[in-house]
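First up is the structure itself, then whatever we jot down about it.
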Amino acid sequence: MALDFARMEAKWQDAWYEARINESDPEPGRAKFFMIFAYPGVTGYLHVGHMRGYTVSDAIVRYKLMTGHNVLFPVGTHATGNGAISFARRVERRDPATVDLLTSNGCSEETLSRLTDPVEVVRFFNDVYLNDYWKRFGFMSDWRRFTSTINPDYNRFIEWQMTKLKAQDLLIQKPYFAPACVEHGPVAIDASETDILKGGSAEVLEYTLLKFDLEDGRKLVAATLRPETVFGLTNFWVNPEVEYVDAKVGDETWVVSRPAAEKLALQMDAVEVVSSADGAALMGRRCRAPFTGKMITIFPSVLCDPEVGTGLVMSVPSDAPVDWIGLVELRVDEGAKERYGITEEMIDAASPVPIIETPGYGPLPAVEVTERMGIKSLDDPRLEEATKEVYKTGFHKGVMNSSCGEFAGWAVEQAKDAVREQMIEAGAAAIFYDLSEEVLCRCGSKVFVKKIPDQWFIDYANPRLKEQSKDHARTMRILPREYHDNIQNVLEWYRERACVRLGNWLGTRFPFDRRWIVEAIADSTLYPIHYVLAKYVNDGSVSADGMTEEFFDCVLLGEGDFDSVAEMTGIDVGTLEAVRAEFEYWYPLDINLGGKEHMTVHFPVFLMNHVGLLRPEHWPRGIIVNWYITATGGKISKSKGGAQPIPDAAERFGVDAMRLFYAHIASLYVDVAWEDEKVESYRDRIERIWSFANDLVEMDDGPPADIDAWLRARMQSRLAQAHKHMEQFDVRSYANDVYFEMSHDFRWYLRRGGASKECVRDALRVWTQLMAPVTPHLAEEIWEALGMPRFVSDSQLPKAEVSDNAELEEAKERLLAALMTDISEILKVTSIEPSRMVLMTAPKWKADMLGSALREGESGADVGKLIREAMPNLSPEARKEAPAFAKAVASDVNRMSHEERRRASARIDELEVLSAAACFLKEQFGCDVTVFSADDPKRTDPKGRAKQARPGRPAVYIE
RNA sequence: GCAGGGGUAGCCAAGCCCGGUCAACGGCGCAAGGCUUAGGACCUUGUCCAGAAGUGGUUCCGCGGUUCGAAUCCGCGCCCCUGCACCA
């Protein structure tokens with residue numbers, strides 16, 4: 001009977017949502033479980049990788065639902081930012097890839113024409129996520145609570161959040177340096193290049209500008225990343241072929257390249273270009289270095305790029321390979337020397353000065369490295385590599401030497417900041433930000449780093465907030481464990497974070513200055529709350545207009561009285577009471593699950609905003625981080641393609657197969673490559689279970705047997721394990737037991753002659769229930785075949801009842817299985833075709849001795865004592881064996897772990913068990929099987945195997 | 001730069017926090033047997049090496065250490081990877 005997955009999925013989803021088992025309202029007194037996954041940003045279609053975390057969330061939620069919890073599992077979308085805007089722009093200009101993407105996903109021309117509006121884009125994808133992804137996967141989500149961050153009610157919520165942050169003194173203003181287009185304001189620089197045409201991998205570099213005094217009072221301004229190397233300055237580099245400018249900066253005149261002057265003007269007040277300055281005219285002149293006051297000479301270098309830094313470079317040949325090779329080349333460049341009046345003496349005076357002791361190098365690492373690599377020319381591409389090598393070791397491991405004044409003996413890393421601070425304080429230096437490579441805005445113009453003088457920040461550096469958050473995080477359920485520990489460091493490292501931005505973005509206007517839009521991370525920190533509110537907004541009982549500060553203060557903080565708030569907001573008292581009660585019921589959030597990209601961004605601010613604004617009893621209780629599903633060649637990427645559309649995959653593999661894949665393929669905390677064959681093999685597994693379950697349902701009833709008790713016992717211990725795994729959110733182990741181990745249990749039962757229909761049905765019912773969290777559609781189908789009413793999805797999983805008797809039943813089958821393994825081993829090694837098999841169970845005195853050794857417990861068994869105890873009652877033959885056996889038992893027992901002791905303690909009558917199983921063994925091995933006790937005089941034992949018998953390990957004789 | 005993760009048998013991947021149940025879960029692949037007209041599917045068994053008796057040997061990146069005992073703990077080394085820095 002083949003499974004029609006699509007039909008089965010639709011059938012059950014319709015039925016669940018029709019019966020509204022996915023909806024949840026407060027039930028005072030009943031335990032609740034509130035879980036969300038981090039809502040996705042609206043930037044286009046999602047791919048199969050995204051469904052991993054969502055599916056695991058749903059499995060957890062479904063399990064909670066089946067263990068008595070009132071479950072809240074709402075979903076929404078994060079539309080803040082420019083994702084939808086840039087998508088709409090691509091549609092507008094008929095970008096072929098975008099149009100193709102849409103039409104191949106079944107989007108009509110009419111819809112396409114609507115999607116030039118960003119708000120329509122959000123609306124469109126909200127539907128796609130909801131219907132094609134989450135409902136298509138059968139999630140137990142309360143759809144009435146759907147929300148999106150550009151809804152007016154959500155805007156009110158964020159305004160309130162910002163208001164409260166300000167009231168808590170957690171909003172501060174200070175200057176900020178951000179990449180920006182002159183035309184379009186701030187842009188985001190990221191690898192997916194949503195804002196930009198070019199330069200996604202650029203970084204903002206923090207240069208130190210050092211001012212070198214010329215005799216005429218002007219200042220040559222060099223940009224460096226290594227200000228601490230001022231001690232090793234020997235000369236200055238200026239490009240004679242470049243036009244420089246004199247620029248007035250405050251009351252100083254700086255010489256920099258023209259592009260640098262333009263960039264400086266974006267970052268400093270009152271920068272004014274007054275005249276052009278000729279680079280060539282500076283050659284051979286002298287300038288005074290900042291800090292050390294050393295006089296150095298200006299040399300020509302065509303390597304000074306006017307677009308990089310200030311276009312002027314200071315020279316530290318001891319530690320900068322480029323500077324060293326520059327000097328080497330200059331020395332032999334007669335033309336240049338003559339043209340610019342550079343003398344040998346000048347070059348001699350620029351000899352490298354050792355300043356940093358670098359482990360593994362002599363005093364002049366740059367000289368050493370270039371010589372070792374055989375670099376002789378500035379054209380040598382390996383110069384970059386050489387520079388990296390010297391900088392890396394020098395910066396991280398180097399120590400300033402004795403020529404560095406008060407900094408002698410300092411680690412370079414520390415000296416850098418200290419030297420810079422001192423120079424800035426002395427007016428000899430300034431900070432300058434620049435991009436590491438060219439970045440172009442979508443409009444085509446260049447992006448620069450621009451000073452934003454009045455940027456707003458959320459003050460995550462606030463010590464009280466930080467400490468409270470760290471303390472609370474320690475008490476939270478955070479998985480994986482590594483992140484539970486690491487989040488302490490992340491919180492510690494958190495600083496102020498820009499929380500609003502200028503420019504054309506979707507989002508909430510900043511209540512204290514409407515020009516700004518609340519930034520995308522800052523508006524998604526408290527949002528689990530909004531799912532509670534959204535139910536009332538979506539059903540019309542609360543309108544966005546009514547969501548004033550008083551409203552939120554009232555329902556979320558318990559402030560104000562209902563009557564006056566009702567009057568102010570126009571929301572009736574009953575509704576206000578209900579909203580507050582509902583918030584109090586569901587909050588705090590139990591689990592927030594999200595991808596690993598959230599570890600250093602969303603999760604910390606999610607936590608800190610809760611701690612900063614809400615009462616402690618509402619702080620979140622748990623975080624689960626999921627790693628990614630990757631494409632075989634690397635990351636699945638929307639921009640780079642290769643992403644399999646979710647509905648297509650669902651059609652091809654079946655939703656349950658995908659759900660099982662996500663749940664079982666690996667722990668949540670590793671990346672896993674998506675492979676079609678893997679998913680197919682899970683689909684096969686589902687089909688196999690389906691057909692097996694059908695066989696079980698339809699099997700003929702047979703007589704009761706001993707093995708029935710085993711199957712019942714087995715189900716109970718499986719159930720116990722399953723609960724244990726799920727309580728720890730270990731979905732992978734849970735799935736492993738349910739989908740792989742448990743089918744073996746049923747097979748073993750049948751193989752051992754089990755035939756009780758009632759017993760099988762009881763067990764199958766439990767098995768089906770255990771499948772429901774991960775593969776709910778399959779489970780419902782089996783549930784129905786079992787003739788069970790309603791849904792397995794809202795049935796209650798029984799608690800496990802593991803009795804001592806159940807332990808014994810399991811121990812019996814364990815004995816048999818172990819014995820069969822031993823027999824197989826013997827057969828394999830000896831290649832005997834068995835015709836007769838004699839099994840001899842350990843004599844009673846051995847079992848007694850093991851028992852008494854086990855009773856000694858953790859303290860350890862004593863060989864002498866075991867022997868003394870046993871001797872009086874032993875037969876003469878046994879007396880001969882006893883000492884050796886006692887020794888073996890003592891050493892075995894003393895090495896056993898808890899679990900082993902527990903198992904070994906199960907006292908079963910082996911003779912009886914094996915006698916009852918003789919028939920079965922005969923069938924299995926196709927030979928005659930007889931069973932004796934090892935001390936039975938009637939036994940057949942030509943090879944004298946009997947004395948090998950140990951409890952749990954009967955002696956075997958085969959011929 | 002800041003903060004982290006990892007290297008396990010042919011492949012994927014558990015185990016590592018809490019050392020002994022570990023030749024190391026499970027899956028895939030492969031092999032043998034069963035079932036079947038045949039093939040597929042399915043079931044059972046096996047899959048580091050040796051072995052005519054249930055055993056022994058050698059393994060969990062490398063080296064060293066702690067321990068009666070280490071895949072698991074500690075140190076050093078080699079190699080690989082991730083997240084973040086107003087994309088979300």
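Just so it is clear: chains get the letters A, B, ... in the order the sequence lines come, proteins before strands, and each one is counted from 1. All values reported here derive from a predicted model rather than from experimental measurement.
Note that CD1 of A/Ile150 is 13.0 Å distant from CD1 of A/Ile158, once rounded to the nearest 0.5 Å.
The side chain of A/Lys678 lies closest to B/rC12, out of B/rC84, B/rC12, B/rA53. For A/Arg688, whose side chain is taken as the heavy atoms from C-beta onward, the closest listed nucleotide among B/rG54, B/rC86, B/rC28 is B/rC28. The side chain of A/Arg751 sits closest to B/rU44 out of B/rC86, B/rU44, B/rA52. Considering only the side chain of A/Ser681, B/rC28 comes nearest among B/rC28, B/rC86, B/rA52. In this structure, the nucleotide among B/rA88, B/rC86, B/rC43 sitting nearest to the side chain of A/Gln455 is B/rC86. Candidate nucleotides B/rC86, B/rU45, B/rU55 were compared by shortest atom distance to the side chain of A/Glu825, and B/rU55 ranks first. Set against B/rA14, B/rA88, B/rC86, the side chain of A/Ala666 has B/rA14 as its closest nucleotide. Distance from the side chain of A/Val490 is smallest for B/rA3 among the nucleotides B/rA53, B/rA3, B/rA85. Of the candidates B/rA14, B/rA85, B/rU45, B/rA14 carries the atom nearest the A/Val670 side chain, counting heavy atoms from C-beta on. Taking only side-chain atoms of A/Val829, from C-beta outward, the nucleotide of B/rA88, B/rA53, B/rG54 with the closest atom is B/rA53.
Among pairs with a residue in residues 657-672 of chain A, those fulfilling side-chain hydrogen bond (donor to acceptor under 3.5 Å, both in side chains) read A/Asp58-A/Arg659, A/Lys596-A/Asp671, A/His664-A/Tyr682, A/His664-A/Asn736, at least two apart in sequence or across chains.
Residues satisfying the ring-ring contact (aromatic ring centres under 6.0 Å, His included) criterion with A/Tyr494, sequence neighbours excluded, are A/Tyr460. Applying the side-chain hydrogen bond (donor to acceptor under 3.5 Å, both in side chains) test to A/Asp676 and every residue at least two apart in sequence or in another chain returns A/Arg652, A/Trp674. For A/Glu482, there are no salt bridge (Lys or Arg N to Asp or Glu O under 4.0 Å) partners, not counting sequence neighbours. Partners of A/Asp485 by salt bridge (Lys or Arg N to Asp or Glu O under 4.0 Å), not counting sequence neighbours: none found. With sequence neighbours excluded, the residues forming a salt bridge (Lys or Arg N to Asp or Glu O under 4.0 Å) with A/Arg474 are A/Asp471, listed by chain and number. Evaluation of the salt bridge (Lys or Arg N to Asp or Glu O under 4.0 Å) rule for A/Asp459 yields no partner, not counting sequence neighbours.
B/rA85 and B/rC80: their C1' atoms are spaced 23 Å apart (whole Å). Comparing B/rU82 with B/rG15, their C1' atoms are spaced 22 Å from each other, to the whole Å. Remark: the separation of the P atoms in B/rA32 and B/rG40 is 12 Å, to the nearest Å. B/rG27 sits 12 Å from B/rG46 when the P atoms are compared, rounded to a whole Å. Remark: the separation of the P atoms in B/rC43 and B/rG65 is 49 Å, to the nearest Å. B/rA52 and B/rC12 have their P atoms separated by 34 Å, with the value rounded to a whole Å. B/rA14 and B/rC63 have their P atoms separated by 25 Å, given to the nearest Å. Taking the P atoms as reference points, B/rC60 lies 29 Å from B/rG4, given to the whole Å.
Using a 4.0 Å cut-off between charged side-chain N and carboxylate O, A/Arg420 and A/Glu228 make no salt bridge. Residues A/Glu437 and A/Lys198 are not paired through a salt bridge, judged by the lack of any N-O separation under 4.0 Å between the basic side chain and the carboxylate.
In this pair, A/Tyr129 and A/Phe125 present their aromatic rings tilted. The plane angle is within the 30 to 60° band. In this pair, A/Tyr483 and A/Phe603 present their aromatic rings tilted. The plane angle is within the 30 to 60° band.
Note: OH (A/Tyr628) to P (B/rC12) measures 22 Å, nearest angstrom. In this structure, CD of A/Glu206 is placed 14 Å from P of B/rG1, rounded to the nearest angstrom. Here the P atom of nucleotide B/rA3 and the CG atom of A/Asp485 are 16 Å apart, to the nearest Å. A/Leu225 has its CG atom 11 Å from the C1' atom of B/rG1, to the nearest Å.
Interface residues of residues 951-959 of chain A facing RNA chain B, ordered by number: A/Arg953, A/Pro954, A/Ala955, A/Val956, A/Tyr957, A/Ile958; criterion, heavy-atom separation under 4.0 Å.
B/rC68 is paired with B/rG20 under the criterion used here, namely a Watson-Crick or G-U wobble arrangement in which both key atom distances are under 3.5 Å. With a 3.5 Å ceiling on both atom-pair distances, the Watson-Crick or G-U wobble partner of B/rA50 is B/rU55.
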Polar-atom pairs under 3.5 Å, protein N or O versus N or O of nucleotides 46-49 of chain B: list them with distances, or write none.
none

Give me the distances for all protein-to-nucleotides 22-26 of chain B N/O pairs that come in under 3.5 Å?
from	atom 1	to	atom 2	distance (Å)
B/rC25	O2	A/Asn736	OD1	3.3
B/rG26	O4'	A/Asn736	OD1	3.4
B/rG26	O2'	A/Asn736	ND2	2.9

Report, one pair per line, the protein and nucleotides 6-11 of chain B atoms (nitrogen or oxygen only) whose separation is under 3.5 Å.
none

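For A/Arg481 and B/rC17, a side-chain-to-base donor-acceptor distance below 3.5 Å is present, hydrogens and geometry of angles not being considered.
Not one side-chain nitrogen or oxygen of A/Asn489 sits closer than 4.0 Å to the OP1 or OP2 atom of B/rA3. The side chain of A/Ser667 contributes an N or O atom lying less than 4.0 Å from OP1 or OP2 of B/rA14.
Side-chain atoms of A/Gln455 and A/Arg501 form no donor-acceptor pair, as typed in the model, at a separation below 3.5 Å. Side-chain contact check for A/Asn126 and A/Thr77: at least one donor-acceptor pair (N or O, by modelled atom type) lies under 3.5 Å.
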Donor-acceptor pairs under 3.5 angstrom involving side-chain atoms of residues 949-959 of chain A: please list them, not counting sequence neighbours.
from	atom 1	to	atom 2	distance (Å)
A/Arg953	NE	A/Asp822	OD2	2.7
A/Arg953	NH2	A/Asp822	OD1	2.9
A/Arg953	NH2	A/Asp822	OD2	3.0
A/Tyr957	OH	A/Glu959	OE1	2.6
A/Glu959	OE2	A/Arg836	NE	2.9
A/Glu959	OE2	A/Arg836	NH2	3.1

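For the pair A/Arg752 and A/Phe920, the cation sits on the ring face: its NZ or CZ lies under 6.0 Å from the ring centre, inside 45° of the axis.
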